[in-house]
Amino acid sequence: MTAPGIRAGAPAEDSDDLDVEEALALVREPNDASDAPAPTPAQGEQRHVRHKATPWPRARAIAARAARSGSRATPVSVSLADALGLVLAAPLDALTDLPSFDTSAMDGWAVAGPGPWEVREEGVLAGHAQPGPLTDGEAVRIATGARIPGDTTAVLRTEHGRTDAQGRLHATREVSHGQDIRPRGQECRSGDQLLPVGTLITPAVLGLAAAAGYDAVTAVPRPRAEVLVLGDELLTEGLPHDGLIRDALGPMLPPWLRALGAEVTAVRRLGDDAKALRKALTSSTADLVVTTGGTAAGPVDHVHPTLDRIGAELLVDGVKVRPGHPMLLARTKENQHLVGLPGNPLAAVSGLLTLAEPLLRTLAARPAPEPYTLPLREAVQGHPYDTRLIPVVLRGDHAVPLHYNGPAMLRGIAAADALAVVPPGGARQGEEAELLDLPWATAGIGVCFT
């Protein structure tokens, strides 16, 4: 029997050795705790087979591996102005020597031979042509970055020289050969590899690329994401009224996805309309489609039935995590995935960090963040069987759990620096907890929302 929402032959996503039967076992839930196989449901009853939620660490691994199974994105040439946050798809090789000529490392004088020196009237500035060579006993005023005249012995810093009544220059401390001269090729020679494939393009990388002669770099393109906001009960403005509530996810998800490295191509509000959802999914050309709400089994929860109808491969159907248990991951086309987020705001954040973040990271070829832990300042009550994700602030060498961490609440996450990963059963005061940084709380590349 093929599990609902999964095509027979769907590839395994979380182990090189996982076969189809093992993949199906990930999503089936037996009727009891025994090892006996569940009875085959009668025709027409498949949709009601309950699915076994995937453990949280395994769900993240499946999401990361899901993106690897598709075709690789074609590298693109990107101008330096647009490359921040991308990953190099080709090595950054020096196009010139750095520096490309001998330059002065300091403001001062270029001097030749032992002092005292006669000083030329005209100085040497950065950006000007090569000055004439010096003769022994001669000096010339020089600016930082200016070309060194031929036969220069050293650069004497401004604060280390004085002139006498006759205008001759004297050194106030010993001058060594080559002092404060940056020789040509000191940093690199033309053709040297400066950075390898896979390097995250930071502001410093942009500076290095420009110095090395680049106007554009070859990079992995940003994955394209589309957001589909579901639910007839959602308001886009004003106060909640008459059973209607404000949509918090429409404003929150696009910038969050951008912070995770995606290019958000569209945000569409579909309400509770199964036909509109199917049309949106079959016509989308995005790499990732993110839906909000509709992942449970209620009368207007259309995500699962629609995925069934379009023949999607259901890779994760529920995750053992609180909040966010009913999240899902599906492959809708050969090179397209869908992350179904629960409708509750903090549960949706949990889904973003559990499924969307590793998938987008893999699509963009960005390196995985190094895991780290901090001790909890307070004990955190756990779920008996599921992982909990709790908003925390970082204070010194501790993580402080925040209140207002219910599935429908955003007050805690709005003040948080990270989410603490609390294992089943909870965590004691002082116990080390793994932390998931929020992309704008790391003071790194992730703060870019454009």
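Taking both residues in full, the closest heavy atoms of Leu353 and Pro358 are given as O-CD, 3.7 Å, listed atom of the first, atom of the second, then distance. Across all their heavy atoms, Ala63 and Leu329 have their closest contact at CA-CD2, 3.7 Å. The minimum heavy-atom distance between Gly293 and Val303, with the atom names listed, is O-CG2, 3.6 Å. The two residues Ala286 and Ser284 come nearest to each other via the heavy atoms N-OG, 3.2 Å. Among all heavy-atom pairs drawn from Ala348 and Leu249, the shortest one is CB-CD2, 3.7 Å. The two residues Asn344 and Ala408 come nearest to each other via the heavy atoms OD1-CB, 3.6 Å.
Contact of the Val380 side chain with the Arg388 side chain is registered, since non-hydrogen atoms from C-beta on lie closer than 4.5 Å. Leu84 places a side-chain heavy atom less than 4.5 Å from the side chain of Pro203. Annotation: side chain of Thr54 is not in contact with side chain of Leu315 (no heavy-atom distance under 4.5 Å). Contact check for Val349 versus Leu419: side-chain heavy atoms found under the 4.5 Å cut-off. When side chains are defined from C-beta on, Val220 does not count as touching Leu86, because their heavy atoms never get closer than 4.5 Å. Counting only heavy atoms from C-beta outward, the side chains of Val421 and Leu435 never approach each other to under 4.5 Å. With contacts defined as side-chain heavy-atom distances shorter than 4.5 Å, the pair Leu228/Val290 does not qualify. Counting heavy atoms from C-beta on, the side chains of His128 and Arg147 never come closer than 4.5 Å.
Looking at residues two or more places apart in sequence or on another chain, you find no salt bridge (Lys or Arg N to Asp or Glu O under 4.0 Å) involving Asp272. Listed by chain and number, the residues in a salt bridge (Lys or Arg N to Asp or Glu O under 4.0 Å) with Arg322 are Asp386 (sequence neighbours excluded). The side chain to side chain contact (heavy atoms under 4.5 Å, CB included) test applied to Ala211 returns Leu98, not counting sequence neighbours. Applying the salt bridge (Lys or Arg N to Asp or Glu O under 4.0 Å) criterion to Asp97, with sequence neighbours excluded, gives Arg184, Arg189. Under the side chain to side chain contact (heavy atoms under 4.5 Å, CB included) criterion, Arg411 pairs with Tyr404, not counting sequence neighbours. By the side chain to side chain contact (heavy atoms under 4.5 Å, CB included) test, Ala266 is found to be paired with Glu226, Arg268, residues two or more places apart in sequence or in another chain being considered. With sequence neighbours excluded, the residues forming a salt bridge (Lys or Arg N to Asp or Glu O under 4.0 Å) with Glu357 are Arg60, Arg361, listed by chain and number. Annotation: side chain to side chain contact (heavy atoms under 4.5 Å, CB included) contacts of Thr373 (sequence neighbours excluded): Glu432, Glu434.
When only modelled atom types and interatomic distance are considered, Thr144 and Asp107 share a side-chain donor-acceptor pair under 3.5 Å.
Remark: Leu200 CG to Leu88 CG distance equals 8.5 Å, nearest 0.5 Å. Note that CZ of Arg278 is 13.5 Å distant from NE2 of His302, once rounded to the nearest 0.5 Å. A distance of 9.0 Å separates CD1 in Ile181 from OG1 in Thr103, rounded to the nearest 0.5 Å. For the atom pair OG1 of Thr199 and CG of Leu92, the computed distance is 8.0 Å after rounding to the nearest 0.5 Å. Rounded to the nearest 0.5 Å, atoms CG (Leu253) and OG1 (Thr291) are 10.0 Å apart. With values rounded to the nearest 0.5 angstrom, Tyr372 atom OH is found 8.5 Å from Leu436 atom CG.
Identified under the salt bridge (Lys or Arg N to Asp or Glu O under 4.0 Å) test for residues 287-306, with sequence neighbours left out: Arg224-Asp287. Screening residues 228-255 for side chain to side chain donor-acceptor pair (under 3.5 Å), with sequence neighbours left out, gives Asp247-Arg269. Pairs of residues two or more places apart, or lying in two chains, that qualify as side chain to side chain donor-acceptor pair (under 3.5 Å) and include a residue from residues 73-91 are Ser79-Asp82. Counting only residues at least two apart or on different chains, the salt bridge (Lys or Arg N to Asp or Glu O under 4.0 Å) pairs with a member in residues 421-430 are Arg428-Glu431.
Under the 4.0 Å criterion applied to side-chain N and carboxylate O atoms, Asp180 and Arg157 are assigned as salt-bridge partners. Ion pairing between Glu263 and Arg222 fails under the 4.0 Å rule for side-chain N and carboxylate O.
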task: Could you walk me through whether His383 and Val422 pass side-chain contact (heavy atoms from CB on, under 4.5 Å), step by step?
output: CA-CA 9 Å; His383 186 275; Val422 179; over 6 Å; no
query: Ser104 and Arg182: side-chain contact (heavy atoms from CB on, under 4.5 Å), yes or no, with the steps?
result: CA-CA 6 Å; Ser104 176; Arg182 292 190 65 209; over 6 Å; no
- prompt: Where do Asp93 and Asp192 land on the side-chain contact (heavy atoms from CB on, under 4.5 Å) test, with the steps shown first?
  reply: CA-CA 5 Å; Asp93 296 335; Asp192 287 351; over 6 Å; no
field: Stepwise side-chain contact (heavy atoms from CB on, under 4.5 Å) check, Asp273 with Leu277
entry: CA-CA 6 Å; Asp273 188 329; Leu277 176 59; over 6 Å; no
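A donor-acceptor pair is defined here as one N or O able to donate and one able to accept, closer than 3.5 Å; such a pair exists between the side chain of Thr292 and the backbone of Leu230. At least one donor-acceptor pair under 3.5 Å links the side chain of Asn405 to the backbone N or O of Leu402. Within the 3.5 Å criterion, the main-chain N or O of Leu394 finds a donor-acceptor partner in the side chain of Asp417.
Results of the side chain to side chain donor-acceptor pair (under 3.5 Å) test with Glu313 over Lys333, His337, Arg331 single out Arg331 as the only residue that passes.
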